[in-house]
Structure formats: C-alpha cells, structure tokens
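These notes concern the structure reproduced below.
Only heavy atoms go into these numbers, but all of them, side chains included; no hydrogens, no water, no symmetry mates.
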Amino acid sequence: MTEYGGLLVKYLEVRKLIFLDQLGWHVSESDGMEFDQYDTPYCRWIVIHQFGEVLGGVRMVPTTAKCGPFSYMIRDAQMGLLEDIPTDILFFEAPVEHSVWEATRFFITNSVPAQQRQRVQTLLFRSMCQTAMDNGAAHVLGIVPALWARWARRLGVNATPIGAKFSIDGTASQCVLFKVTDLIS
C-alpha cells in the first residue's frame, strides 16, 4: 500500500467507471471507487498501467480466503450469499484449496487502442497466471463472458467450462477453469 497506494486508488476508480457506470452492474461504490467484501488483505490486485494510467486489471483471491462470513465470490454465490449470482454456478462444489485461486473484475479499459488490446490482454493474463503460480496455485477459476472461448483462443489459453451459462445484469456468463502454466512457459 505504501508503494502502490495511489495506483490502487486509480484502479478502483477505473473499476467503478467500467463495472458500475459503463456496464451498469449492481456493485458497491464509495468515494468514486468500486470495491466490495472481496477486496481484502488476501487479495492480489494486478494492474497494467502506462505512466500511471490504468489500462487493465484483475483481482485475485485464494479459494482458502475467509473474511467474516465471506470467502470468495463463486463459492459465496453457490452458498446463496450473493443474490445477483445463481447458486448453481458450478457443476461441482466450489473448491477450497491452496492450489486454486479465483480471478474477478478482469478488464481492459476503452482507452487501450484496438491494435494494442491483445497485447494488454496477454500481459494481464500472463501476470494473473504468474501471480497465481507464485502463490502456489496451479489453477485459476473465474466468471467470464459466455463467449470466452473466442478470446481464450486469441490468447492461446485453454479453459474448461465448469458451470452452465447464466446471466449477470444482462450479460451471459460462465465459470471456467484455467491452468496457470498455459501462458507461463
């Protein structure tokens, strides 16, 4: 926080702009920033930036995290703690394992030109996988747009669907599982 506190604030401001203002999601907001019960000391926030301008980001949480009544978003949805996400989000019981992390709030800003988007996406995804691996994880699970297969192919990533398609605030979504070594080598 001492070294990157200003960048974290900018990241949370951009999250508000994207998820609340642009996408119209029902998410928490305070003082122009978007954050919720999953932005805890267990988190790792990955922010891609250029000269202090946020280009993209993702929030990562170990599936072993526990803060008050909450653990991580997919598990809490499955347990019925989140009213906007269905409980049948996965085909199996949500894992609580050191080798699995959850990635949420993955975004690339509109300020990234079209010819640079894939490079920024790849850098963000590689950083996400490296962070997971550095923290002992072999897999990352997350909720992605239902057309995830198209962008995963562009990035050279294999993802396994681990839940049925569903809708969040009008966006067709699905849970998938990534193997972190897919983009590290």
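Within the model, atoms CD1 of Ile108 and CD of Gln118 stand 11.0 Å from one another, a figure rounded to the nearest 0.5 Å. To the nearest 0.5 Å, atom CD1 of residue Ile46 and atom CZ of residue Phe106 are 9.0 Å apart. Expressed to the nearest 0.5 Å, how far CD of Glu93 lies from CE of Met79 amounts to 8.5 Å. We find the CG-CD distance between Leu17 and Gln22 to be 4.5 Å, quoted to the nearest 0.5 Å. Taken to the nearest 0.5 Å, the NE2 atom of His49 stands 8.5 Å off from the CG atom of Leu55. The CD1 atom of Ile85 sits 11.5 Å away from the CD atom of Gln78 when rounded to the nearest 0.5 Å.
One hydrophobic cluster, built from ILVMFWY side chains closer than 4.5 Å, holds both Phe166 and Phe92. Following chains of ILVMFWY side-chain contacts shorter than 4.5 Å, one cannot reach Ile74 starting from Trp101, and the two form parts of different hydrophobic clusters. Residue Phe19 is grouped with residue Val47 when hydrophobic side chains (ILVMFWY) are merged at heavy-atom distances under 4.5 angstrom, including chains of intermediate members. When hydrophobic clusters are built by joining Ile, Leu, Val, Met, Phe, Trp and Tyr residues whose side-chain heavy atoms come closer than 4.5 Å, directly or via intermediates, Met60 is grouped together with Leu123. Connection of Ile89 to Val176 is not established within any shared hydrophobic cluster, with ILVMFWY side chains joined at heavy-atom distances below 4.5 Å, either directly or through further cluster members.
Among residues two or more places apart in sequence or in another chain, the side-chain hydrogen bond (donor to acceptor under 3.5 Å, both in side chains) test is passed with Thr63 by none. Partners of Leu177 according to the side-chain contact (heavy atoms from CB on, under 4.5 Å) rule, which considers only residues two or more places apart in sequence or in another chain, are His139, Leu141, Ile162.
Contact check for Thr104 versus Tyr72: no side-chain heavy atoms found under the 4.5 Å cut-off. Two residues are said to be in side-chain contact when any heavy atoms from C-beta on lie closer than 4.5 Å; Val54 and Leu7 meet this criterion. Two residues are said to be in side-chain contact when any heavy atoms from C-beta on lie closer than 4.5 Å; Leu82 and Gln37 meet this criterion. Residues Ser28 and Phe35 fail the side-chain proximity criterion, which asks for heavy atoms closer than 4.5 Å.
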* Given side-chain contact (heavy atoms from CB on, under 4.5 Å), test Asn158 with Phe178 step by step and report yes or no. => CA-CA 7 Å; Asn158 294 317; Phe178 298 97; over 6 Å; no

* **Stepwise side-chain contact (heavy atoms from CB on, under 4.5 Å) test for Arg59 and Met128** => CA-CA 9 Å; Arg59 172 180 62 197; Met128 179 184 80; over 6 Å; no

* **Intermediate values then yes/no, salt bridge (charged side-chain N to carboxylate O under 4.0 Å, His left out), Lys16 and Glu34** => CA-CA 4 Å; Lys16 180 211 175 272; Glu34 185 272 314; over 6 Å; no

* Could you walk me through whether Asp36 and Arg105 pass the salt bridge (charged side-chain N to carboxylate O under 4.0 Å, His left out) check? -> CA-CA 11 Å; Asp36 60 24; Arg105 299 298 200 266; 3.2 Å; yes

* To do: Decide side-chain contact (heavy atoms from CB on, under 4.5 Å) for Ile143 and Glu102; before the verdict, give the C-alpha distance in whole Å, the side-chain angles of both, and the deciding distance to 0.1 Å.
  => CA-CA 9 Å; Ile143 299 172; Glu102 177 187 61; 5.7 Å; no

* To do: Check step by step if side-chain contact (heavy atoms from CB on, under 4.5 Å) holds for Ser127 and Ile48.
  => CA-CA 9 Å; Ser127 298; Ile48 305 298; 4.2 Å; yes

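Closest approach of Pro161 to Gln174, counting heavy atoms only: CB-NE2, 3.4 Å. Contact record, Thr87 with Gly80: CG2-CA, 3.7 Å, taken as the closest heavy-atom pair. The heavy-atom pair separating Phe107 from Val14 by the smallest distance is CE1-CG1, 3.5 Å. What you find for Thr64 and His98 is that their closest heavy atoms are CG2-N, 3.7 Å. What you find for Val180 and Ala137 is that their closest heavy atoms are CG2-O, 3.4 Å. Of all the heavy atoms in Cys43 and Val61, the pair that sits closest is SG-CG2, 3.7 Å.
For Ser99 (side chain) and Glu97 (main-chain N/O), no donor-acceptor pair under 3.5 Å exists by modelled atom type. A donor-acceptor distance shorter than 3.5 angstrom exists from the side chain of Glu29 to the backbone of Gly32, with no hydrogens or angles considered. Counting only distance, with no hydrogens or angles, the side chain of Asp76 and the backbone of Ser71 share a donor-acceptor pair below 3.5 Å.
The number of heavy atoms from other shown groups lying within 6.0 Å of NZ (Lys66) is above 12. Around the CD atom of Glu83, the shell of radius 6.0 Å holds no more than 12 heavy atoms that belong to other residues, nucleotides or ligands. Summarising the local packing, CG of Asp134 is surrounded by more than 12 heavy atoms from other residues, nucleotides or ligands at distances under 6.0 Å.
Between Asp39 and Trp45, the side chains place a donor N or O and an acceptor N or O closer than 3.5 Å (distance only, hydrogens not considered). For the residue pair Ser111/Thr109, the side-chain donor-acceptor check at 3.5 Å is satisfied.
Here the options are Val157, Val140, Val58, the test is side-chain contact (heavy atoms from CB on, under 4.5 Å), and the partner is Phe125; only Val157 passes.
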